[in-house]
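The structure appears below as structure tokens.
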Amino acid sequence: MKVVKFGGSSVSNAEQISKVIQIVTADADRRIVVVSAPGKRFKDDTKVTDLLIALTNTVLAGKNFEAGLKEVVERYAEIQRDLKLPAEVVETIEADLRGRIAARRANDAQFMDAMKAAGEDCNARVIAEAFTRAGFSAKYVNPGEAGLLLSDDFGNAQVLDESYSKLAALKEVQEIMVFPGFFGVTKSGDIATFPRGGSDITGAILAAAVKADVYENFTDVDSVCAMDPRVIDNPPAIDCMTYREMRELSYAGFGVFHDEAIIPAVRAEIPICVKNTNNPLAAGTMVVPKRAPDERTVVGISSASGFSSIYIDKYMMNREIGFGRRLLQILEEEDISFEHTPSGIDNISVVLASANLSEAKKNQVIHRIKTELNPDAVTVEHGLALIMVVGEGMHYTPGMAARATQAMAAAGVNLEMINQGASEISMMFAVKDADREKALRALGKSFFGI
Ligand code: ASP
């Protein structure tokens with residue numbers, strides 16, 4: 001059994017939905033179909049979820065919401081007309097939206113979730129109808145009735161463990177099941193949504209619950225690229241990577257899906273396949289628990305800007321038991337999370353996202369480090385980019401760090417910091433933001449010959 005998830009751009013209009021029907025029905029194992037709300041049909045289009053958020057804000061502000069409501073309904077009406085579905089489909093959607101608005105809750109976040117969930121919910125109903133009209137045996141599945149129970153953190157809900165055994169019953173259903181992504185219900189029966197992009201989470205939960213053979217995640221790229229195509233022309237495709245590799249890569253801005261979204265599938269060791277709705281015959285990228293070593297020692301290189309480092313120097317630091325703990329405790333007490341802590345005999349750096357270090361926070365942290373740890377020097381550097389070179393093969397292949405550093409040195413990139421992850425499947429390099437693209441080009445040439 002396969003669980004198949006289609007993102008917003010794959011279900012944005014009739015043409016795309018027709019592709020979805022073809023893809024699903026081409027393989028009898030594709031039985032659970034998770035759908036997003038209609039996404040962008042063209043570059044500057046607005047996602048239905050964003051239209052719903054705007055509509056909800058209008059309602060919350062006590063303003064006239066008819067125009068906003070009409071805009072949402074029209075998106076479904078276009079799909080209904082183009083797929084030649086009965087007009088009642090749209091009437092039902094409009095009534096559903098009006099019902100949600102009328103049932104406005106005292107709690108704004110709760111109301112917002114009930115409204116946002118309508119995007120996926122209505123689309124799943126439309127798509128189930130489209131399958132049926134095309135002659136296939138299919139049905140819409142209501143997440144609440146199927147047992148997808150979530151915590152009541154509205155807008156940021158977490159799945160409750162008991163959902164899995166309930167959802168496992170879907171294995172027995174013979175029809176194609178169209179399951180709306182992004183939301184479930186709380187124990188008290190209220191609709192709650194995952195964070196944005198959360199249909200991926202729904203798909204991963206269902207794949208884990210029914211112990212799917214594979215979780216296919218359809219989007220609009222043939223495969224995941226080994227490097228950012230916005231910086232590097234024609235980067236090679238990744239055919240297969242492990243969960244760990246994907247996690248290391250997505251940590252530094254590698255974005256086909258958010259790695260946290262697929263945790264349920266990872267825990268259940270379900271292989272994930274990223275595929276293209278517009279080119280379904282392309283093999284896509286497999287993400288698997290383990291992979292056989294192959295010639296590709298480095299699977300991908302990712303990077304992200306917006307980091308800072310706090311550098312602390314203190315003679316004989318290595319002898320001072322508890323120094324590291326006290327330093328990290330200051331950060332903990334200031335509610336700052338950190339990314340890396342490379343250290344030397346008399347010094348330690350803490351790398352963190354610049355967004356976590358406002359001017360006031362920075363001054364407070366420095367003041368506390370100076371008074372509580374009595375260092376010889378503390379400096380803060382902003383404007384750093386992190387580059388991650390990732391591959392399972394790295395920990396048994398000599399010379400990988402040398403290859404990376406030589407490539408960057410030859411390109412005139414000054415390395416601010418180097419950190420090899422304890423897992424030895426990644427190397428982190430910090431460079432000045434201004435050097436990021438130069439460093440990536442040098443690494444691309446060295447590792448992938450591009
Ligand atoms: N429609 C939701 C969003 O735009 C969820 C999703 O598409 O995954 O965030």
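Numbering of ligands and ligand atoms starts at 1, following listing order. Model, not experiment: these values are computed from the prediction.
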request  = Would you kindly say whether Thr242 and Glu392 are connected by a side-chain donor-acceptor distance under 3.5 Å?
outcome  = yes
request  = Answer yes if the side chains of Asp121 and Tyr140 hold a donor-acceptor pair under 3.5 Å, and no otherwise.
outcome  = yes
query = For residues Lys19 and Asn278, is any side-chain donor paired with an opposing acceptor at under 3.5 Å?
reply = yes
inquiry  = Does either side chain, that of Ser354 or that of His382, offer a donor lying less than 3.5 Å from an acceptor on the other one?
reply    = no
inquiry  = Can you pull out every ring-ring contact (aromatic ring centres under 6.0 Å, His included) where at least one residue sits in residues 190-231? Sequence neighbours excluded, please.
reply    = Phe6-Phe218
Give me the pairs of N or O atoms, one from ligand 1 and one from the protein, that sit under 3.5 Å apart.
{"from": "ligand 1", "atom 1": "1 (N)", "to": "Thr49", "atom 2": "OG1", "distance (Å)": "2.7"}
{"from": "ligand 1", "atom 1": "1 (N)", "to": "Glu120", "atom 2": "OE2", "distance (Å)": "2.6"}
{"from": "ligand 1", "atom 1": "4 (O)", "to": "Thr49", "atom 2": "OG1", "distance (Å)": "3.4"}
{"from": "ligand 1", "atom 1": "4 (O)", "to": "Arg196", "atom 2": "NH2", "distance (Å)": "2.9"}
{"from": "ligand 1", "atom 1": "7 (O)", "to": "Ser36", "atom 2": "OG", "distance (Å)": "3.0"}
{"from": "ligand 1", "atom 1": "8 (O)", "to": "Gly197", "atom 2": "O", "distance (Å)": "3.3"}
{"from": "ligand 1", "atom 1": "8 (O)", "to": "Gly198", "atom 2": "N", "distance (Å)": "3.4"}
{"from": "ligand 1", "atom 1": "8 (O)", "to": "Ser199", "atom 2": "N", "distance (Å)": "3.0"}
{"from": "ligand 1", "atom 1": "8 (O)", "to": "Ser199", "atom 2": "OG", "distance (Å)": "3.1"}
{"from": "ligand 1", "atom 1": "9 (O)", "to": "Arg196", "atom 2": "NE", "distance (Å)": "2.7"}
{"from": "ligand 1", "atom 1": "9 (O)", "to": "Gly197", "atom 2": "N", "distance (Å)": "2.7"}

ask   = Do the side-chain N and O atoms of Gln364 and Lys361 include a donor-acceptor pair separated by under 3.5 angstrom?
value = no
